[in-house]
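See structure below.
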Amino acid sequence: MKIPFVDLKAQYNSIKTEIDTAISNVIGETAFIGGKYVENFEKNFAALYGIKHCISVANGTDSLFIIMKMLGIGTGDEVITVANSWISSSETISQTGAVPVFIDIDPDYYSISENLIEKAINSKTKAIMPVHLQGQVCEMDVIMAIAKKHNLYVIEDCAQSHFSEYKGKRAGTMGIAASFSFYPGKNLGAYGDAGCILTNDDDLAVKVKMYARHGALKKHQHQIEGVNSRLDGIQAAILDTKLPFILNWTEQRIKNAALYYQYLSDVKDIVLPKVRHDSKHTYHLFVIRSSKRNELAAFLKENDIETAVHYPVALPNMKAYEYLGFKNTDFPIASKYQDEILSIPMYPELTEEQIKYVASKIKEFYDN
Ligand SMILES: *Cc1c(COP(=O)(O)O)cnc(C)c1O
């Protein structure tokens, strides 16, 4: 049995007629940039979240950068984020002119360790960017309280946490603004690059929209210099077509995770993901830990099971951040876990038979 890490084709096949119709409508109306498909998606995504403004952008990296830029973050400032994430989280901080300040990860939940945040705050700190990694929301009560005490913005990176929840609140509804990616493999994925910003702040909403559209809300009326970061009509129509299905797909991921917990419960040599109390993990990734990670991944590959590592090098340990002069011991948990974490196949369309097969091969590896 061949089990890919993600199977985007399976989802496409399940809604092929709807998607093909949506794409051909956009082409028929030549609504390539802006127009009703983009507006509809923005309206529907905001409504689904109960948030006032959704501003679509070209990808989930731009959304982070544009939020920070329009909050006035720049040279001389610091923004706190997590040591294990995709580089977008930190490179966008640098793009504003600010310096990324990394915090080690929590040993149980793999996201920013909220207990280490406060001692990283100084007079230059302007914001905290929690990344709700793998589909699990960070400890937001604590993070929001620290931010309030020190008068800092909280910018939520929700690229991996569409419809995840924490104490009844969705990821992306707690900070000043949230950044979403709709990269094809994300829980809500377009068929190319796409992203958006969610915010309830009217003033910020106007600013980010203007900045993303060359600094103009009306054609030729450039109030400032901005950037060109737009969602195109085809991607918007695809995303809008997927919206009626997304909550079911999210539940299906949770069901699939439950099957992994069931079939892997007796494998003592691996650590299964832990879910925070009173929260909803949406399993963008199902990350296990093993001291024999590379051998296990190789064995699974021999058995036609694809896996991945998110991420093999923690951000502060990357060449790109060599200039900050960190040692691996500065981020002991992230540096240790980068060699232990393994993402096993996870998507809504995964069948119980496939999950059983993956679990049986993991067991077989440890039995030998
Ligand atoms: C995917 C991702 C992004 C960036 O999204 P793109 O749409 O690929 O630019 C940002 N942060 C995290 C944590 C991500 O996983």
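Each ligand, and each atom within it, is numbered from 1 in the order the structure gives. The figures that follow rest on heavy atoms only: side chains count, while hydrogens, waters and symmetry mates do not. These numbers come from a predicted model, not from an experiment.
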* Is there a nitrogen or oxygen of Val131 sitting under 3.5 Å from a nitrogen or oxygen of ligand 1? -> no
* So do the side chains of Val131 and Gln160 get within less than 4.5 Å of each other, counting heavy atoms only? -> no
* To do: Could you tell me whether the side chain of Met129 reaches within less than 4.5 Å of the side chain of Met68, counting heavy atoms only?
  => yes
* Axial cation check for Tyr337 ring with Arg289, 6.0 Å and 45° limits -> yes
* Asked: Is the shortest N/O to N/O distance between Trp86 and ligand 1 below 3.5 Å?
  -> no
* How far is atom 1 (C) of ligand 1 from its nearest protein heavy atom, and which residue and atom name does that atom have? -> Lys186 NZ, 1.5 Å
* Please write down residue, atom name and distance for the protein heavy atom closest to atom 10 (C) of ligand 1. => Ser88 CB, 3.4 Å
* **Ring centers of Tyr191, Phe182 separated by less than 6.0 Å** => no
* Structure fact -> Looking only at protein heavy atoms, what sits closest to atom 9 (O) of ligand 1 is Thr61 OG1, 2.5 Å
* Structure fact -> Per-atom filter on ligand 1: closer than 4.0 angstrom to a heavy atom of Ser85 are 13 (C)
* Pair His281 and Tyr110, ring centroids less than 6.0 Å apart -> no
* Asked: Any nitrogen or oxygen of Gln160, main chain or side chain, under 3.5 Å from a nitrogen or oxygen of ligand 1?
  -> yes
* Asked: Checking Arg276 against Tyr166: charged group under 6.0 Å from the ring centre and within 45 degrees of the axis?
  -> no
* For ligand 1, which atoms, with element, lie under 4.0 Å from some heavy atom of Asn59? -> 7 (O), 9 (O)
* Would you say ligand 1 has an N or O under 3.5 Å from any N or O of Ser181? -> yes
* Asked: Do Asp157 and ligand 1 have an N or O pair less than 3.5 Å apart?
  -> yes
* Asked: Would the Phe286 and Tyr261 ring centres measure less than 6.0 Å apart?
  -> yes
* Take every heavy atom of Gly195, measure it against each atom of ligand 1, and state whether any distance is under 4.0 Å. => no
* To do: Considering the heavy atoms of Gly60, write down every atom of ligand 1 situated less than 4.0 Å from one of them.
  => 4 (C), 5 (O), 6 (P), 7 (O), 9 (O)
* Asked: Do the numbers put Arg253 on top of the ring of Tyr347, so that NZ or CZ is under 6.0 Å from the six-membered ring centre and no more than 45° off the axis?
  -> no
